Protein chains: 2
Amino acid sequence: MLTEERHQLIRDQLAADGKVLAGELASRFGVSEDTVRRDLRELAKAGQLRRVYGGAVASAPFAAATLSQRSRHAVEEKTRLARAAVGLLSAGQSLFIDGGTTNEAIARAIPRDMELTIATNSLGVASALVDRPLVELIMLGGRYVPNLGTCVGADTLAAVAQFGADLFFLGSCGLDVARGVTAFDSAEAEVKRAMVKNSAGIAIAVTNDKLATAAPYRVAGADAIRHLVVERTAPAATLADFQSQGAQVHFA
Amino acid sequence: MLTEERHQLIRDQLAADGKVLAGELASRFGVSEDTVRRDLRELAKAGQLRRVYGGAVASAPFAAATLSQRSRHAVEEKTRLARAAVGLLSAGQSLFIDGGTTNEAIARAIPRDMELTIATNSLGVASALVDRPLVELIMLGGRYVPNLGTCVGADTLAAVAQFGADLFFLGSCGLDVARGVTAFDSAEAEVKRAMVKNSAGIAIAVTNDKLATAAPYRVAGADAIRHLVVERTAPAATLADFQSQGAQVHFA
DNA sequence: GCATGTTTTGCCTGATCGTGCAAGAAACAG
DNA sequence: CTGTTTCTTGCACGATCAGGCAAAACATGC
C-alpha cells in the first residue's frame, strides 16, 4: 500500500466521520501504529487535520464544532438527516447552502458523481465540496464570523443577489410554526433572507431540539418551507402543523 | 512493446484505479523497474500523473494537491519560509493573502495573539485562519477553481476592489527579474493584479524552484516587490538582481 | 550492405525514503 | 499517587530512487 493511498483514506474517513483513531487505522491498513502516527503527523503539518491524543480530528472549521461541542449522537443523527436531504437533489440543479453543522453534513453527503452548482457563504460547506470535481462552487464572500462559520455583511448580500437557486438548504436556529424560521444574529438573518428571495424552493433539515423553538430575528414564514427533513422521532403534532402550511416532511 | 504503448496502459490503469505500483507494472510489461520509473517520470513531467514513492497516483484533485504533491522537504521548507514571512508583520495591519501552499503555510504560522485584518480568496488560507479570534477575516468570494484552490472571476474582483491592504502576500507561480511575477492562469492573474493595485506593499515568499522561472500571465514587475522571502540556499546572483530593483531580501 | 548517430533499455552505485522496533517521555485514567 | 496507553525520538534494514554507463535496438545517410 502506498503512503499516499493511506493519506487519502485518512482524509476520506476524516471527511466522513470527523475523526480517526491511530490504532484502528493501523490494523485497517496492516501497518504499525508508528507508521500511522507518522502519517498523522505529516497531515497535521500540512494543515489537513488536527492531531489529538489517540488519533486525529478534522481541522477547523468542522472539528471544533462537530466534535467537541456536539455529542456523538448528534453527529450520527445529522449524517442521517444529511443522507435524507441529499435525496431531494437531482443532477444539474443550482443550490444555496447555508452554514451550520447540519448543512456541512449535507455537503459531505453529496455524491461525488452528481453535477451541481452550489453557492455557499459557509467555509465548512465550501471545504467539504472542494474535491468534488462535478460541483461548480461559488463562494459567497464577506466578513467571516467565527461563531457562525459563515460570511455575512454587505459584500455577502451583494454576492447572493447575483445568484439564483432551485433549492436553498436553510440552516435554522429556530423553527416554529407561528414564528417561522428564525436566527440568532441580525446580519446572519439578513443573508438568509436574501437567499430565500433568490431561491425557487426552501429545504430545512433539523434535529428535534430545533423544532418548536424560536430566535429573535425572523428569516421566513413557515409557509415558505417546501421540504422539511426531520428525525424519525420528531413529534407528529409539530410536523402536522408544518404540513398544513404546505411543507413536505421527509424522515431521515 | 512500444514506450508509447506502456504510457497508454499506465494512463488507463490510473484512470481506472487511481494508482499504479512501479513493481507491478514492471512485471506486467515484462520490463525492468527502471524502465517503468523512467516512464512514470516522463508522465509526471507532462503533468499526467503524480509521482509518489513506490508508484504514482492520478494527478491531483485539490485536497491531495495541497498536501502531498510536494515532498516532505518542501513542506518543511515552506514552514521555514512562513516563519520568516510572519516576521514582516506587525499588529493591526491589514493584509491580502493569496492562494498557494506557501501562503497557506504563512497563514498557519500567524501567531494566535496577533491582531490583524486579512482578506483572502483562498479557501485553504481562510480555513487556516478560522480559529484565530483576533484575526478579522474577509473572505473574497467568487467562482472557486479546484486546481488553484482560490476564488476568481468578476465577483472576486469586485470584492478585492473594496479592500485596501498594508501588505499583500503574493503567491507566485513564476518569479524572474525581467518578466516580473507571473501566473499560469489568466483569471488568477487578473485577481492578483487587482490585489497588487490595492496594496501598499508586496511580499513574496518562494522556494528555490520558483526563482528565475516565468509563466504566461504577467502580474507585476520585479520592481513592485518590497519583501522577498527565500531559502538560505537561494542563488545569490538572482537575489542581487531583485535587490537592485528595490526588494528587501529575507532569509528563512 | 555498411557506417554513424540516436533512442531505448538494463544494470550498477550511492543516496534517499519508508517502515518497524526499542527506549524514554508525556498524556491520560483510576 | 500509580499504572497504562500513547507519543516522540533515534536507529537499522530493506525498498525505492536518480544518475551514469554500456549494450542493444533502431533510424538515417551514404
Side-chain angles (χ1 to χ4, degrees), chain A residues 1-11 13-14 17-59 63-64 67-68 72, chain B residues 1-11 13-14 17-60 64-65 67-80 101 207-209 231 233:
Chain A
M1 160 167 306
L2 265 40
T3 305
E4 196 52 40
E5 235 177 323
R6 286 197 312 271
H7 287 191
Q8 188 56 50
L9 290 171
I10 293 173
R11 277 191 290 267
Q13 185 176 340
L14 269 176
D17 301 350
K19 64 152 190 180
V20 292
L21 304 177
E24 186 209 322
L25 290 176
S27 65
R28 211 173 93 208
F29 295 156
V31 298
S32 75
E33 294 197 13
D34 302 71
T35 301
V36 170
R37 272 191 273 274
R38 265 183 281 251
D39 288 341
L40 295 178
R41 227 181 303 167
E42 279 185 45
L43 289 169
K45 198 164 191 173
Q48 306 219 334
L49 52 77
R50 197 160 52 83
R51 194 77 170 80
V52 296
Y53 197 86
V57 297
S59 60
L67 268 145
S68 41
R72 181 188 186 88
Chain B
M1 164 171 299
L2 267 47
T3 305
E4 197 47 46
E5 219 176 337
R6 286 197 311 272
H7 286 195
Q8 189 53 49
L9 290 171
I10 292 172
R11 276 190 289 264
Q13 185 177 341
L14 267 177
D17 300 351
K19 65 147 191 178
V20 292
L21 305 176
E24 187 210 323
L25 290 176
S27 65
R28 213 174 89 207
F29 295 156
V31 298
S32 74
E33 294 198 14
D34 302 72
T35 301
V36 170
R37 269 192 275 275
R38 266 184 279 252
D39 289 341
L40 295 178
R41 226 181 300 171
E42 279 184 45
L43 289 168
K45 199 167 190 173
Q48 312 209 358
L49 52 77
R50 192 161 52 85
R51 192 75 169 80
V52 297
Y53 196 86
V57 297
S59 82
L67 127 100
S68 31
Q69 173 175 72
R70 314 297 182 178
S71 72
R72 184 199 196 97
H73 167 262
V75 171
E76 285 173 6
E77 191 53 59
K78 281 172 189 191
T79 308
R80 258 197 300 279
T101 50
T207 47
N208 288 345
D209 57 326
E231 307 180 38
T233 55

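Quick note on labels: first sequence line is chain A, next is B, and so on, each numbered from 1. Since this is a predicted model, take the numbers as computed values, not measurements. Scope of the values below: all heavy atoms of this structure, side chains included, with no hydrogens, waters or symmetry mates.
Here the side chains of L2(A) and Y53(B) are not in contact, with every heavy-atom distance at 4.5 Å or above.
Taking the salt bridge (Lys or Arg N to Asp or Glu O under 4.0 Å) definition, one finds that R11(B) meets it with E4(B), sequence neighbours left out. Under the rule for a side-chain hydrogen bond (donor to acceptor under 3.5 Å, both in side chains), S27(A) has no partner lying at least two apart in sequence or in another chain. Partners of E33(A) by salt bridge (Lys or Arg N to Asp or Glu O under 4.0 Å), not counting sequence neighbours, listed by chain and number: R37(A). Partners of R41(A) according to the side-chain hydrogen bond (donor to acceptor under 3.5 Å, both in side chains) rule, which considers only residues two or more places apart in sequence or in another chain, do not exist here. Residues satisfying the side-chain hydrogen bond (donor to acceptor under 3.5 Å, both in side chains) criterion with T3(B), sequence neighbours excluded, are absent altogether. Every residue meeting the side-chain hydrogen bond (donor to acceptor under 3.5 Å, both in side chains) condition with N208(B), not counting sequence neighbours, appears here in chain and number order: T233(B).
L49(B) CG to L43(B) CG: the interatomic distance, rounded to the nearest 0.5 Å, is 5.0 Å. Interatomic distance, OG1 of T79(B) versus NZ of K45(A), reported as 5.5 Å (0.5 Å rounding).
For dC7(D), the OP1/OP2 oxygens have a side-chain nitrogen or oxygen of R51(A) closer than 4.0 Å.
For the pair R41(A) and G55(B), nearest-nucleotide mapping onto DNA chain D gives the more 5' position to R41(A).
Among the nucleotides dA18(D), dT19(C), dT8(D), the one closest to the side chain of R37(A) is dT8(D).
Rounded to an integer number of Å, the gap from CG of L40(A) to P of dT8(D) is 9 Å. Following rounding to the nearest Å, L2(A) (CG) and dG18(C) (P) show an atom-to-atom distance of 10 Å. Between L21(B) atom CG and dC17(D) atom P there is a gap of 10 Å when expressed in whole angstrom units. The distance from atom CD of E42(A) to atom P of dT9(D) is 14 Å, rounded to the nearest whole Å. Computed from coordinates, the R38(A) CZ to dC7(D) P distance equals 13 Å when rounded to whole Å. We find that CG of D39(A) is positioned 17 Å from P of dT6(D), with the value rounded to whole Å.
Judged by distance alone, the side chains of T207(B) and K78(B) never bring a donor and an acceptor atom under 3.5 Å apart.
Between its opening and closing five pairs, the helix from dG1(C)-dC30(D) to dG30(C)-dC1(D) changes axis direction by 40°, a value rounded to 10 degrees.
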I'd like a list of close polar pairs between nucleotides 25-30 of chain C and the protein, N/O only, cut-off under 3.5 Å.
{"residue": "dA27(C)", "atom": "N3", "partner": "Y53(A)", "partner atom": "OH", "Å": "3.2"}

Please list every donor-acceptor pair under 3.5 Å in which a side-chain atom of residues 17-25 of chain B meets a protein atom from a residue at least two apart or in another chain.
{"residue": "K19(B)", "atom": "NZ", "partner": "E5(A)", "partner atom": "OE1", "Å": "3.1"}
{"residue": "K19(B)", "atom": "NZ", "partner": "E5(A)", "partner atom": "OE2", "Å": "3.1"}

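For residues 24-36 of chain B, proximity to DNA chain C is found at V31(B), S32(B), D34(B), T35(B), defined as any non-hydrogen atom under 4.0 angstrom from a strand atom.
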